[in-house]
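Scroll down for the structure; my scribbles are underneath it.
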Amino acid sequence: MTDAPYDLTVSSGGDQFPVTDAAPRLSWKTLSASREEAYELEAILDETVQPSMISERHLYVAWPWEALRSRQQVRWRVRTLMPDSSKSNWTSWSTFEAGLLDSDWAASWISPVEDVDTGYGNRPAYTLSSDFTLTGEIRSARLYSTALGLYTASVNGERAGTAELSPGSTSYDRTLYAQASDVTAALRPGLNKVEIELSDGWYRGQIGAFRLPAGWGTVLGARAELHIDLVDGTHHIIATDSSWTSTVSSTTRADLMDGQSIDFRGVKAPTETVLVDIVEAPPIDWSPAPPVRVVSSRPPVAVRQLKPGVWVADFGQNASGWIRLEDLGPEGTHTIVEYGEHVEPGGDLATSHLDSHRPGEPPRIFSQRDEVIAGPEGNIFEPRHTIHGFQYARITRKGPFDPSTMTMQVVNSDLMSTGSFECSNNDLNRLHSIGEWSFLGNAVDVPTDCPTRERLAWTGDFQVFASTATRLRDVLGFGRKWLRSVRDDQLADGRIANFSPDGRRIKNNVDDQFAMMTGSAGWGDAIVAVPWELYTEYGDEQVLAENWDSMKRWVQWTLDSARTTRHHARKQRSPEPEPYEEYLWDGTFHWGEWTEPQERDDEGKPINPVQDNPMAWFMADKGEVGTAYLYRSTNTLSRIANILGHHDEAATYASIAERVRNAWRQAYLRPDGTTADDTQASYVRALSFGLMPDDLHPPAIKRLIDLIRAAGTHLGTGFLSTGDLLPVLLRAGHPDIAYELLFQRTAPSWLYMIDKGATTIWEAWEGIDDAGHAHESLNHYSKGTVLRFLHEHTLGLRQTEDSIAWRSIVIEPTPGPSLTWARGSHETPNGRIDVHWRIDGNQFFIEAEIPAETTALIILPDGSEHATGSGTFTASSRLFLEPGQSPAETPVR
């Protein structure tokens, strides 16, 4: 009998259990090697057996039964129907629940009474509560809750669920998610209490490098319903309404960026009746993403006492989270915890590298600071209304301090691991580790740029990193959730905001100075690039369909901008434009390559054009970058149109893309294959985007290599092109140079970070200089795109060019110098792929495990090619061919 399918999932998130909308999509994996099978589905809804349904597919199957009602519980299972009429075993039952759908919420919005506005960063949190009595034994209970602000909920003092930072980071004017928790065990017959602690959070707290107030709203609100089923069959609902009370909580200060202060001494604050329905909120929905959680706890690896009452702890890893303290000292003891990514050579915490600077203005001093005043014994300090980026913490306390009672709580979206990499070179293993940690530290409900100074979900960051993220974690739901905010924040003219969720609400403030810097190539193009990466990785057409209109609006704005604007330098050279210039996107603002290695002045100091001459940088011609991205997005949009069945639009966009490419060539490409910008990034972009004509590839590659050698065999790429540099060199037949760059130890390079003790990827190539001083953020994942090279070329595992959802793969290891083995895996929608290769003398050995519904082409170092399907593949070959030997003479098993 055929083995049963496995790994049943629904297209939704959830904390303690999956929670969906009324029509979830269903997916599973199969062990069958046949692509001709069908599947039979069974479901039980509220103890009612549904008629079985047949599906021809196993990914993202539309809900086949009647739409779910609020709170409906589902059990479902699947079995395979083979072409010979045989059937597999049934899977085990899988369960999920429908959430409380928006139309069925009966609770009111309640808000705390705030008598004094103490200002951003200094506001307290509020406790909203209700007492109620139950008579009878409790069978089950669910708490459904959300907020305009950041909230934690509890029942009889026991926290509800395990999710953190709820309800998450969204564009609160358009989208609001709720959470569901099983609170059965917390309830008891008799008197009960439900409490919600509410603070500013993403909704009205400080955001960004300059700690500006978020503009979603000025009044906090909470909405909750506690649904209780008793054994006697009765059903009770405790909903937020005018009977609830409000008081200042023990959290005397709560800001997502600045930190949190808690006073456990039990100082009584006045209790007042809540305000009811004074806020406006969008409809309530259920997130497709997994929750933010405390994913691990880390004790300090070292603690140093700097002076009496001051200690600095090193947790050995830069991450997002907070400190948990279990020993707060005698009642009244005041403890201060300050957080940072770096320590000075003398051992004290250093944070000045994270200060924010605007030309001509004083710096915004960076701070992450928590405080606690001890109450009676038994209190534990865990500041869950803030989050910090840090490796080090400075603890200040008058009195004894036991470091063994302190842990780092690592907090990020609980993304399922889908990929692994390991090889014989410890430096590359370390590089992979810091790249993965850097992504996870910035995957806190949305993909942020850094977890410290800005903590904004910049579109450009995830645009460059999405393809790498898919090799590390399952980011489909995470990406879909974020893209909804990108759509929510899109400007009326089609521009995509620089970051989303956009608490500055540039879409409503188009006269703001920052609006002039909105709509950049490489940033706005995320609305096309990220859905495309998610689709090719997971095969989910819905991610294309739900972003289709926003993609078109963005591309139309870029095309209109190209047609109607010209860069001032081009105007000066030629008052009358050439016909092709209507497809050059050079007349609006672009961030450009961003964070390329900085040039140095005569004294050896780095030159920062943004700070040193901001107007010149702002006005510089970045049309090469803009036009290149205009081509890529228009070309990608044509491919997406075909997939969605919009064939006329596909042909239109394909034609436009070709005209954009021709314009790029006429404006920025010389007859000898060199580019007008003549930078490493310009050649990498031209070659990886398909802008360079085939006959000019050789001179373009030669010039790229010349620039690399002229830089002392160092890379010269920045934010946008670094991830494509090594693959471009390797595909052009220069793996030796790719690995020279990979193994380069002096700055700018990846291993320079390793040698300087980095535990995450830096924003600047020289994030820590030779004197031990830090510069810029030490946790920015964009340059971690090199991890994709390790997976796709060092390990050798990648999809074929036109494959979707890993149904067709290539395994083609390219061992670097001194590498003797590599192993890795990738969990695909069809199952797990495992690859392990090793070298013994001049013999190369490989073993691969291929999942069902997957075909593989395995290319060995001697050039031999082997096609295979699912199952185990093993082979060996000569690492180097002897003179006169052909690949066909190598043995295969």
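Along the sequence shown, residues are numbered consecutively beginning with 1.
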*Residue pair R504, D502: steps toward the salt bridge (Lys or Arg N to Asp or Glu O under 4.0 Å) verdict*: CA-CA 5 Å; R504 297 179 67 171; D502 177 15; 5.7 Å; no

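- Remark: the N547 side chain and the R487 side chain contain an N/O donor-acceptor pair separated by less than 3.5 Å.
- In the model, Q666 has no side-chain atom that pairs as donor or acceptor with a side-chain atom of N662 under 3.5 Å.
- The CH2 atom of W286 sits 10.0 Å away from atom CG of L176, with the distance rounded to the nearest 0.5 Å.
- Counting only distance, with no hydrogens or angles, the side chain of T448 and the backbone of A457 share no donor-acceptor pair below 3.5 Å.
- When the side chain to side chain contact (heavy atoms under 4.5 Å, CB included) test is applied to K29, the partners found at least two apart in sequence or on another chain are Y6, D7, E827.
- Classified by interplanar angle (parallel below 30°, tilted 30° to 60°, perpendicular above 60°), the ring pair W548/H646 is parallel.
- Under 3.5 Å, the side chains of T418 and R471 contain no donor-acceptor pair of N or O atoms.
- Atom CD1 of residue I811 and atom CD1 of residue I858 lie 4.5 Å apart, to the nearest 0.5 angstrom.
- The one candidate from T828, L59, V475 that meets the side chain to side chain contact (heavy atoms under 4.5 Å, CB included) condition with Y538 is V475.
- Side-chain atoms of D677 and S682 form no donor-acceptor pair, as typed in the model, at a separation below 3.5 Å.
- Between the side chains of W585 and T588, at least one donor N or O sits under 3.5 Å from an acceptor N or O.
- A donor and an acceptor atom, one from each side chain of E537 and H826, are located under 3.5 Å apart.
- A donor-acceptor pair under 3.5 Å is formed between the side chain of T785 and the backbone N or O of S782.
- Sorted by first and then second residue, the pairs that involve residues 515-528 and meet side chain to side chain donor-acceptor pair (under 3.5 Å), not counting sequence neighbours, are D525-W554, D525-S633.
- F589 has its ring centre less than 6.0 Å from the ring centre of W617.
- Judged by distance alone, the side chains of Q490 and R553 do bring a donor and an acceptor atom under 3.5 Å apart.
- Heavy-atom neighbours of R639 CZ from other residues, nucleotides or ligands within 6.0 Å: at or below the threshold of 12.
- Salt-bridge formation is detected for the pair D173/K507: a Lys NZ or Arg NE/NH1/NH2 atom is positioned less than 4.0 Å from an Asp or Glu carboxylate oxygen.
- For the pair A805 and P829, the tightest heavy-atom approach, listed with the atom from each and the gap, is O-CD, 3.8 Å.
- Note that CZ of R632 is 8.0 Å distant from OG of S688, once rounded to the nearest 0.5 Å.
- No side-chain donor from either of D445 and S413 sits under 3.5 Å from a side-chain acceptor of the other.
- Under the 3.5 Å distance criterion, with hydrogens and angles disregarded, a donor-acceptor pair is assigned to the side chains of T717 and T722.
- Considering only heavy atoms from C-beta on, V660 stays 4.5 Å or farther from Y580 through its side chain.
- R659 and S655 form a side-chain donor-acceptor contact under 3.5 Å, judged by distance and modelled atom types alone.
- Judged by the 6.0 Å and 45° rule, R703 forms no cation-pi pair with Y683.
- Side chain to side chain, R807 and S803 fail the donor-acceptor criterion of an N or O pair below 3.5 Å.
- Looking only at atom types and distance, the side chain of R685 has a donor-acceptor partner in the side chain of S721 under 3.5 Å away.
- No salt bridge links E593 with K622; every basic N to acidic carboxylate O contact stays at or beyond 4.0 Å.
- No side-chain donor-acceptor contact under 3.5 Å links Y583 and E581.
- Using a 4.5 Å cut-off on side-chain heavy atoms (C-beta onward), Y631 and Y629 make no contact.
- Classification of the W594-W591 ring pair by plane angle, with boundaries at 30° and 60°, yields perpendicular.
- Side-chain atoms of T20 and S12 form no donor-acceptor pair, as typed in the model, at a separation below 3.5 Å.
- To the nearest 0.5 Å, atom CD1 of residue I506 and atom CD1 of residue I496 are 13.5 Å apart.
- Of the N and O atoms on the side chains of H58 and E853, at least one donor lies less than 3.5 Å from an acceptor on the other residue.
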*Could you walk me through whether R455 and D449 pass salt bridge (Lys or Arg N to Asp or Glu O under 4.0 Å), step by step?*
CA-CA 6 Å; R455 200 181 295 137; D449 61 333; over 6 Å; no

